[in-house]
Amino acid sequence: MTTVTLGHLDTSVQQASAAAVARVLEAYDLEIEYVSAPRAEMEEHVRRGDVDLFVSAWLLDVDAAFLAPELGMQAFGQLYRPAFGWSLPEAAACGMTSLAQLATDGGAVGREIVTPASVLDRVRQVVAAYNLTEAGFTIAARPDAEAFDHAAHILESGLPEIIPAWQPSFLHYGNRLIQLDDPKGAYGAEQDARILVRSAIRAEMDSDLMDELDELTLGNKVVSALDHAMRSEGMSAEDAAEAWQRGKLLPR
């Protein structure tokens, strides 16, 4: 096997983690062809057998559809641990540590929650669990790119506004956010970011390569740094992954 088709969803976090995995593949002299697409299109690519490796599927539940038996994919490894949450800029937290506090004493926290469209259902779930509508909070759903730009502005300005987001992400680089505790479990389950391999070609893959991929651990801190390098420093995913591998981004 000399060529591997590497699929990933069309987000910077997924592009970054795929580029890190690609560094391992390249060390085994494999040529890589990338397939990048939104979730629905990617499912169709996988269904057609267009993807040999998919990086990464968020399991238990976010990307569970990619493990449907008819798609013929198997999960292995654990690259990082995605987790959804609401945060405040550290400079503006002012002792706020829990979602429960928002419902009883939100203080100076802005009542409009600017929300990426991709996490709207999760934000609604949190609002309902803590009766935040009654506390004056409203949801403003925006396209993901616009919402992320808004969140970056909030973070840089240290404004007391809620930032709902998955981590890892560029927003979590540098530990400038305080995540609010969720005593009711409304955020949902933490996920495992795993690699999927097409069952039909697994036997053709080099066993040492598969073992190395199975043991590859990026971690949320590294993926956040990769995402930050791409979004804030203008690096390509490949350049960011190379910088990480050389120890110039963060220590491995």
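There is no side-chain donor-acceptor pair under 3.5 Å between Arg194 and Gln78. Using modelled atom types, one finds no donor on one side chain facing an acceptor on the other under 3.5 Å when comparing His172 with Gln179. A donor atom on one side chain and an acceptor atom on the other are found under 3.5 Å apart for Asp239 and Ser236. Judged purely by distance below 3.5 Å, without hydrogens or angles, the side chains of Gln101 and Thr97 pair a donor atom with an acceptor atom. The closest side-chain donor-acceptor pair between Arg142 and Thr115, if any, does not fall under 3.5 angstrom. A donor-acceptor contact closer than 3.5 angstrom links the side chains of Arg202 and Gln74. With no hydrogens or angles considered, a side-chain donor-acceptor pair links Ser12 and Asp227 at under 3.5 Å.
No donor-acceptor pair closer than 3.5 Å links the side chain of Glu43 to the backbone N or O of Phe66. With Ser232 contributing its side chain and Ala229 its backbone, the two residues share no donor-acceptor pair below 3.5 Å. Judged by distance alone, with hydrogens and angles left aside, the side-chain atoms of Arg198 form no donor-acceptor pair with the main-chain N or O of Leu53 at under 3.5 Å. No donor-acceptor pair under 3.5 Å is formed between the side chain of Glu215 and the backbone N or O of Glu212. Listed for the Asp144 side chain is a donor-acceptor partner under 3.5 Å among the backbone atoms of Ala117. In terms of modelled atom types and a separation under 3.5 Å, the side chain of Tyr80 and the main chain of Ser17 share no donor-acceptor contact. Listed for the Asp181 side chain is no donor-acceptor partner under 3.5 Å among the backbone atoms of Pro183. Within the 3.5 Å criterion, the main-chain N or O of Val109 finds a donor-acceptor partner in the side chain of Arg111. Formation of a donor-acceptor pair under 3.5 Å by the Ser169 side chain with backbone atoms of Gln167 is not found in this model. Looking only at distances, a side-chain donor or acceptor of Tyr187 sits under 3.5 Å from a matching main-chain atom of Trp86.
Cluster membership check: Trp58 shares its hydrophobic cluster with Val55, using side-chain heavy-atom separations under 4.5 Å among Ile, Leu, Val, Met, Phe, Trp and Tyr. In the hydrophobic clustering of this structure, Val126 does not group with Ile178; members are Ile, Leu, Val, Met, Phe, Trp, Tyr whose side-chain heavy atoms approach within less than 4.5 Å, directly or through other members. Following chains of ILVMFWY side-chain contacts shorter than 4.5 Å, one cannot reach Val62 starting from Met73, and the two form parts of different hydrophobic clusters. Cluster membership for Val119 and Val114, using ILVMFWY side-chain heavy atoms within less than 4.5 angstrom, is not shared. Linking ILVMFWY residues whenever their side-chain heavy atoms come closer than 4.5 Å, directly or via other members, places Trp166 and Ile139 in the same cluster.
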Could you go through the ring-ring contact (aromatic ring centres under 6.0 Å, His included) check for His228 and Phe170 one step at a time? CA-CA 4 Å; His228 176 268; Phe170 74 102; 7.8 Å; no
Steps toward side-chain contact (heavy atoms from CB on, under 4.5 Å) verdict (Arg176, Glu156): CA-CA 9 Å; Arg176 294 183 295 164; Glu156 291 302 321; 3.0 Å; yes
Check the pair Ser56, Gln14 against side-chain contact (heavy atoms from CB on, under 4.5 Å), reporting the backbone distance first and the verdict last. CA-CA 7 Å; Ser56 56; Gln14 296 285 22; 3.0 Å; yes
Evaluate the side-chain contact (heavy atoms from CB on, under 4.5 Å) criterion for residues Asp214 and Ile195: first the C-alpha distance (whole Å), next the side-chain angles of each, then the deciding distance (0.1 Å), finally the verdict. CA-CA 8 Å; Asp214 193 37; Ile195 303 171; over 6 Å; no
Run the salt bridge (Lys or Arg N to Asp or Glu O under 4.0 Å) test on Asp61 and Arg122 for me, step by step, so that the C-alpha distance in whole Å, both residues' side-chain angles and the decisive distance to 0.1 Å come before the verdict. CA-CA 13 Å; Asp61 50 50; Arg122 288 179 180 268; 3.8 Å; yes
Thr3 vs Glu33, side-chain contact (heavy atoms from CB on, under 4.5 Å): CA-CA, chis, key distance, verdict: CA-CA 7 Å; Thr3 302; Glu33 296 179 356; 3.8 Å; yes
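For the pair Ile162 and Leu102, the minimum side-chain heavy-atom distance is below 4.5 Å. Residues Val123 and Phe84 are in side-chain contact: their nearest non-hydrogen atoms beyond the backbone lie under 4.5 Å apart. Side-chain contact check for Ile154 versus Ile163: some heavy-atom pair is nearer than 4.5 Å.
Ion pairing between Asp63 and Arg39 holds under the 4.0 Å rule for side-chain N and carboxylate O.
The line from CG of Leu88 to CE of Met96 is 7.0 Å long, rounded to the nearest 0.5 Å. Annotation: the span from Glu204 atom CD to Asp52 atom CG amounts to 8.5 Å, rounded to 0.5 Å. Annotation: the span from Asp208 atom CG to Tyr28 atom OH amounts to 5.0 Å, rounded to 0.5 Å. For the atom pair Leu25 CG and Leu213 CG, the distance stands at 5.5 Å (nearest 0.5 Å). The distance from the CD atom of Glu41 to the OG atom of Ser36 is 9.5 Å, given to the nearest 0.5 Å. Atom CE of Met205 sits about 5.0 Å away from atom CD1 of Ile201, to the nearest 0.5 Å.
Scanning all heavy atoms of the two residues, the minimum distance from Pro168 to Val13 falls at O-CG2, 3.6 Å. Across all their heavy atoms, Pro82 and Asn220 have their closest contact at N-OD1, 4.2 Å. Of all heavy-atom pairs spanning Leu177 and Ser87, the tightest one is CB-CB, 3.9 Å. Heavy-atom minimum distance, Ala240 versus Met230: CB-CG, 4.3 Å. When every heavy atom of Ala37 is checked against every heavy atom of Met42, the shortest pair comes out as N-CE, 3.7 Å. Leu196 and Leu67 make their closest contact through CD2-CD2, 3.8 Å (heavy atoms, listed as atom of the first residue, atom of the second, distance).
In Asn175, the CG atom is not crowded: 12 or fewer heavy atoms of neighbouring residues, nucleotides or ligands sit closer than 6.0 Å.
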